[in-house]
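Keep in mind that this is a model prediction, so the values were computed, not measured. In the text below, chain A, chain B and the rest are named by the order of the sequence lines, each starting its count at 1.
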Protein chains: 2
Amino acid sequence: MESRELRYFVTVAEEGNFTRAAARLFMTQPALSRAIRQIERDVGSPLFLRSNKGATLTFAGQVLLREGRSVLEGLDLAESRARAAADAWAPPRPA
Amino acid sequence: MESRELRYFVTVAEEGNFTRAAARLFMTQPALSRAIRQIERDVGSPLFLRSNKGATLTFAGQVLLREGRSVLEGLDLAESRARAAADAWAPPRPA
DNA sequence: AATGCTTACGGGTCACGTAATGATT
DNA sequence: AATCATTACGTGACCCGTAAGCATT
């Protein structure tokens, strides 16, 4: 699974609605729909129950939401810590 | 940063050598070199010191390696736990 | 008919492989 | 010259947007 896909999934889960989630992600709703399908193929089972009211999480989806959020936070942290490490290592600048 | 890139980075760090890492990843060495450059652009500083002996981690690289490994493990775990949840939820099958 | 998701289709971008180049021992 | 990494260049795959379709209220 790709972290980009995971970000999409979390956004849909938070909005409970593909259309609004797509807007938040600055993408169109069909593109988002396809990406979610891809994750469901990866995981091997549905993550959302779709209706004309929106999308609600399946049990597997609820699990992935909890785990996925912390993974995405960890990814952001890893990047910012690496950046901080680079700064700390940088030679002192003249005043 | 994308998880695919992070996987590439960790492999190069583990091998200490772009050529061997590329082989492990079933890709060519130039493609891998470009991907690492991309991450370094993302982070904003070099992650490896290159030489004709291979590649060794900078301080920032060492930090990203520790953090990155746990992120990738977390990603795999998230996926497998979602899969396990789907199985647990599945209706009982007839013997 | 209105709302929400999916399928179909065409295009642009990006990641990749092959080939050539650079640098160091 | 041998080894390891980078740059140049063309191509294929993949992701995306537009347009059309399907289902439910």
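- Scored by the salt bridge (Lys or Arg N to Asp or Glu O under 4.0 Å) test, A:Arg4 finds no partners at all (sequence neighbours excluded).
- Shown here for B:Leu64 and A:Ala78, the closest heavy-atom pair between the two residues is CD1-O, 3.8 Å.
- Straight-line distance from the CZ atom of A:Phe48 to the P atom of C:dG4: 16 Å, rounded to whole Å.
- Atom CD in B:Glu2 sits roughly 15 Å away from atom C1' in C:dT13 (whole-Å rounding).
- Interface limits on DNA chain D: the 5'-most and 3'-most nucleotides within less than 4.0 Å of chain A heavy atoms are D:dC15 to D:dT25.
- The CG atom of A:Leu6 sits 9.5 Å away from the OG1 atom of A:Thr11 when rounded to the nearest 0.5 Å.
- Across A:Ala31 and A:Met27, no two heavy atoms sit closer than the pair CB-CE, 3.6 Å.
- The interatomic distance linking A:Arg50 (CZ) with C:dT6 (C1') rounds to 9 Å, in whole Å.
- Taking A:Arg7 as the reference, B:Glu2 meet the salt bridge (Lys or Arg N to Asp or Glu O under 4.0 Å) condition, with sequence neighbours excluded.
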Tell me which donor-acceptor pairs under 3.5 Å the side chains of residues 52-59 of chain A have, and how far apart each pair is, sequence neighbours excluded?
from: A:Thr58; atom 1: OG1; to: A:Pro46; atom 2: O; distance (Å): 3.0
from: A:Thr58; atom 1: OG1; to: A:Leu47; atom 2: O; distance (Å): 3.2
from: A:Thr58; atom 1: OG1; to: A:Gly61; atom 2: N; distance (Å): 3.1

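- Sequence neighbours left out, not one pair with a member in residues 25-37 of chain B passes side chain to side chain donor-acceptor pair (under 3.5 Å).
- For the atom pair OH of B:Tyr8 and CD1 of B:Ile36, the computed distance is 9.5 Å after rounding to the nearest 0.5 Å.
- Less than 4.0 Å separates DNA chain D from at least one heavy atom of each of the following residues of residues 3-20 of chain B: B:Asn17, B:Phe18, B:Thr19.
- Following rounding to the nearest Å, B:Arg34 (CZ) and C:dT13 (P) show an atom-to-atom distance of 18 Å.
- The structure places OG of B:Ser3 at 14.5 Å from CZ of B:Phe9, a figure rounded to the nearest 0.5 Å.
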Pairs: protein N or O with nucleotides 19-24 of chain C N or O, under 3.5 Å:
from: C:dT24; atom 1: O2; to: B:Asn52; atom 2: ND2; distance (Å): 2.9

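- For A:Ala86, the side-chain contact (heavy atoms from CB on, under 4.5 Å) test picks out B:Ser45, B:Ala60, with sequence neighbours left out.
- Considering only residues two or more places apart in sequence or on other chains, A:Phe18 meets the ring pair (Phe, Tyr, Trp, His ring centres under 6.0 Å) condition with A:Phe48.
- Between A:Arg37 and C:dT6 there is a side-chain polar atom (N or O) within less than 4.0 angstrom of OP1 or OP2.
- Stem list for DNA chain C (at least 3 consecutive Watson-Crick or G-U pairs, distances under 3.5 Å): C:1-25 with D:1-25.
- Remark: A:Ser33 is not in phosphate contact with C:dC5, judged by side-chain N or O atoms under 4.0 Å from OP1 or OP2.
- Considering only residues two or more places apart in sequence or on other chains, B:Arg24 meets the salt bridge (Lys or Arg N to Asp or Glu O under 4.0 Å) condition with B:Glu14, B:Glu15.
- B:Asp42 is linked by a side-chain contact (heavy atoms from CB on, under 4.5 Å) to A:Glu79, B:Met1, B:Glu5, B:Gln38, counting only residues two or more places apart in sequence or in another chain.
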